[in-house]
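These notes concern the structure reproduced below.
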Amino acid sequence: MLIDIKKVKIIVTVPLKNVEDVRKAMCEAGAGVIGNYSFCTTATKSIGTFIPNENAKPHIGKKGKLEFVKEDKLEAVCDLSNVKQVITKIREVHHYEEPTIDIVPLLDEEIFN
């Protein structure tokens, strides 16, 4: 079976106070379109952890110290043709030096017919 990937899900973790900025940037860049609807996203509460090393420039936390941050895991579908533009916009507005961004290929339900 040959599978043609046309959409992905972009998932990014964002500090709670910055979620709306990232959601807006993602959706204005082309993510979050499902049929006749736009700005389709979902957010799940999470706790992110990290330790910035000596070369880091952390927005939150201190170098060498384990940090716990209340975040949302923000998710939106995205056409393959818009992925680069969406990722670029996320990085422009995200406050983290190194945001966690997952790009997950999605299967079209029509392949199961």
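Going from atom CG of N82 over to atom NZ of K89 covers 12.5 Å, rounded to the nearest 0.5 Å. To the nearest 0.5 Å, atoms NZ (K6) and SG (C78) are separated by 15.5 Å. Rounding to the nearest 0.5 Å gives a distance of 14.5 Å between CD of E98 and NE2 of H59.
Residues E71 and V14 have side chains not in contact (no heavy-atom distance under 4.5 Å, counting atoms from C-beta outward). When side chains are defined from C-beta on, T100 does not count as touching K73, because their heavy atoms never get closer than 4.5 Å. The shortest distance between side-chain heavy atoms of I5 and D108 does not fall below 4.5 Å. Residues M26 and V86 form a side-chain contact, since some pair of their non-hydrogen atoms from C-beta on lies under 4.5 Å apart.
Atom NZ of K63 sits in a crowded spot, with more than 12 heavy atoms from other residues, nucleotides or ligands closer than 6.0 Å.
In terms of hydrophobic clustering, with Ile, Leu, Val, Met, Phe, Trp and Tyr side chains grouped at heavy-atom distances under 4.5 Å, V83 and V22 are assigned to a common cluster. There is a path of hydrophobic side-chain contacts, each under 4.5 Å, that joins I101 to V93. Taken together through direct or relayed side-chain contacts under 4.5 Å among Ile, Leu, Val, Met, Phe, Trp and Tyr, V19 and I10 form part of one hydrophobic cluster. Hydrophobic clustering (side-chain heavy atoms under 4.5 Å, transitive across Ile, Leu, Val, Met, Phe, Trp, Tyr) keeps L16 apart from L74. Hydrophobic clustering keeps I11 apart from V77 (ILVMFWY residues linked when any side-chain heavy atoms are closer than 4.5 Å, directly or through intermediates).
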What side-chain donor-acceptor pairs closer than 3.5 Å can you find for residues 29-45, not counting sequence neighbours?
{"from": "T41", "atom 1": "OG1", "to": "R23", "atom 2": "NH1", "distance (Å)": "2.3"}
{"from": "K45", "atom 1": "NZ", "to": "D72", "atom 2": "OD1", "distance (Å)": "3.0"}
{"from": "K45", "atom 1": "NZ", "to": "D72", "atom 2": "OD2", "distance (Å)": "3.4"}

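The ring-ring contact (aromatic ring centres under 6.0 Å, His included) test applied to Y96 returns H94, not counting sequence neighbours. With sequence neighbours excluded, the residues satisfying salt bridge (Lys or Arg N to Asp or Glu O under 4.0 Å) with K9 are E75.
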